[in-house]
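Presented below is the structure to which this report refers.
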Amino acid sequence: MTPKDKPEQLRSFRWFGPATMRGFGHRSRMKQLGYRQEDFVGKPVIAIVNTWSEINPCHAHLRERAEAVKRGVWQAGGFPVEIPAFSITETYMKPSPMLYRNLLAMDTEEALRSLPVDGAVLMGGCDKTTPGLLMGAISMNLPAVFLPAGPMLRGNWNGQPLGSGTDIWKFWAERCAGTITDQEWNGMEEGIARSPGFCMTMGTASTMASLAEALGMSLPGASSIPAPDSNHVRMAMNCGERIVQMVWEDLTPVDLLTMDAFENAITVDMAIGGSTNAIIHLVALAGRCGLKLELPAFDRISRRTPMLANIRPSGAFLMEDFYYAGGLRALMAQIEDLLHLDCRTVNGRTLGENIAGARLIQPDVIRPRGNPVAASGGTAVLYGNLAPDGAVIKPTAADPRLLRHTGPAIVFRNYQDLEARLDRDDLEVNEDSVLVLQNAGPLGGPGMPEWGMLPLPKKLLQKGVRDMVRISDARMSGTSYGTCVLHVSPESYSGGPLALVRDGDRISLDVESRKLELLVSGEELSRRRAEWTAPPPTAARGYLSLYAERVTQAHLGCDFDFLRDNPGSTDPEIH
Ligand code: FES
């Protein structure tokens, strides 16, 4: 941190200040945009990095919010410029939006690096957007505030609250079982998404917004405000005002994102029953800071952290309720003894100062310490001969009966194979079977699609079965639930042990002892390994081939190997 007090010290002054031919060009083009010299020369230039897109309903309000940010920037004596960034829309982007998180990170880093800006407000919220923006901002390491898009309002169907994803998975199973009519199903389609904003269950979006705040990258309380709430507009304005001050203070992401800050984020992740995807994203974010965050840290913190947020899919309520109950500040106040309260945050104060006095208003939505939703955290990390580098499971979203289970494998080579055979009458499956999906990892998917909540065979649904053990190297939507072992690493596509599983092999899952074992002799596995041949490449050209060449495995965060470490990208030369 090198605080600044003179306009000439601003990064943007390198573009706008010099009495050179290039300086002339830079100033004249701002004047072409209708600005006066005194508007932008010697003022903190703030990039409002906006992931708005007409096909991203989670970010539908972000153009309006950018105007509120601009008001704050102007009032604080800065100069705002809105810059579009790659918009990752979870619903529509195929084969997996996860493929594009690293692209958004590169887009963000390079936009900030190449343009005359001094600081950034990062606007987004749909699942991969939050980590993507933060990863890019860390690597560039200019002062930055994350502005969460906010959760949408509760869904509503016949007066019954509906939660994004979670309730659709649930009612789809009922529909497959024949207990839901067409009319009822259509009614849900009309009522599930009623406003701008991201999924309002504790899915990946709500999780990552909460973790950005816990990391100290958002203003206190920001992550819980529903997108359409007027408080969200005022929070956006506050982001604009604060980032100008941060530029003068030279308060950058790397100043805030210490290992203690990451431990705070993991603790909050466990207390909110956050999405399993958060593990991959936090590992990647830490990697951008040059910090080595490993899976055992998640398990260690999970064991000591009670889950307090009673939010679907692991609880009963929705994010709108969470906000009215006191929001993330109230939750963090309940676990303050488990947090590093001296971590600094974007508002210049410590986490402890930010949560001081936070009131818990509805103790059924945010549980007090004495009455947790679950005694320990929402995520467990498993190891064993099936996952030498780890796998994860969300026990709070699983049927407790299955957390210790041994059963015969039914193996699907890829998702097409699953779709083709799952509902066939001759599939020899029962409720004790373990469904295994191969080739759905970072390379095999590619992009580790959210296929990890494998659908259950229709004939078992019709018999009333609602959960089974499922294992894959895929991810799972944060809104999903079930006994799903995910992120098996190394992945099957690259020859990990998951590739060697065959129909009928017995697999043992024991969440309490954190074990995932394929009960096949080492000799037999060696024989199968010798017979194994690598599948064909999933990409021949373009971005996907870069992805295939340089992406890391799940336990390393699925970042590109060449983007980790060394935060603080070099500034460009100006000639
Ligand atoms: Fe955007 Fe769920 S689709 S957060």
Side-chain angles (χ1 to χ4, degrees), residues 50-63 65 85-101 103-104 122-134 146-155 161-172 188-189 191-213 218 222-228 232 269 272-278 280-281 309 311-314 318-320 322-323 328 394 397 447-453 475-481:
N50 197 346
T51 52
W52 173 89
S53 149
E54 271 188 346
I55 200 160
N56 193 336
C58 303
H59 298 178
H61 55 310
L62 291 189
R63 290 195 94 182
R65 292 298 178 275
F86 188 63
S87 189
I88 306 176
T89 170
E90 193 69 22
T91 306
Y92 298 113
M93 209 162 254
K94 309 295 178 193
S96 166
M98 180 65 179
L99 271 173
Y100 299 106
R101 182 200 65 180
L103 187 60
L104 172 61
L122 311 165
M123 301 179 69
C126 191
D127 292 19
K128 311 304 175 290
T129 311
T130 303
L133 287 169
L134 288 173
F146 179 69
L147 192 169
M152 66 177 103
L153 298 177
R154 295 183 199 99
L162 284 184
S164 315
T166 305
D167 284 309
I168 292 314
W169 314 128
K170 187 174 88 185
F171 287 119
W172 178 248
M188 290 178 201
E189 195 170 302
I192 185 107
R194 299 193 298 129
S195 79
F198 52 67
C199 292
M200 70 336 226
T201 38
M202 191 56 83
T204 306
S206 298
T207 301
M208 289 311 299
S210 301
L211 302 195
E213 184 176 330
S218 293
S223 64
S224 312
I225 307 172
H232 197 270
D269 184 27
I272 61 178
S275 161
T276 44
N277 287 322
I280 294 178
H281 298 320
I311 308 295
R312 298 177 207 181
S314 299
L318 296 167
M319 288 304 290
E320 193 180 339
F322 187 71
Y323 178 57
L328 191 70
K394 191 170 181 178
M448 241 183 137
E450 292 187 337
W451 294 337
M453 182 184 162
R475 295 175 302 113
M476 165 171 105
S477 164
T479 63
S480 302
Y481 55 88

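Ligands are counted one by one from 1 in listed order, and the atoms in each one are counted from 1 as well.
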Quiz prompt | Mode of Cys58 contact toward ligand 1 - side chain, backbone, both, neither (heavy atoms, under 4.0 Å) | solution = side chain
For [X], counting its heavy atoms only, list the atoms of ligand 1 lying under 4.0 Å from any of them.
X: Thr91; value: 3 (S)
X: Ala205; value: 4 (S)
X: Cys126; value: 1 (Fe), 3 (S), 4 (S)
X: Asp127; value: 2 (Fe), 4 (S)
X: Glu90; value: 3 (S)

Quiz item: Hey, does the side chain of His61 reach the backbone of Ala149 with a donor-acceptor pair shorter than 3.5 angstrom?
Solution: yes
What's the shortest heavy-atom distance between [X] and [Y], and which atoms?
X: Trp169; Y: Ser480; value: NE1-OG, 3.2 Å
X: Met202; Y: Ile311; value: N-CG2, 3.7 Å
X: Leu318; Y: Pro161; value: CD1-CB, 4.1 Å
X: Ser275; Y: Gly203; value: CB-C, 3.9 Å
X: Arg101; Y: Lys128; value: CG-O, 3.7 Å

Practice problem: For atom 2 (Fe) of ligand 1, find the nearest protein heavy atom and state the residue, atom name and distance (0.1 Å precision). | Solution: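 Atom 2 (Fe) of ligand 1 sits closest to the protein heavy atom Cys199 SG, 2.1 Å.
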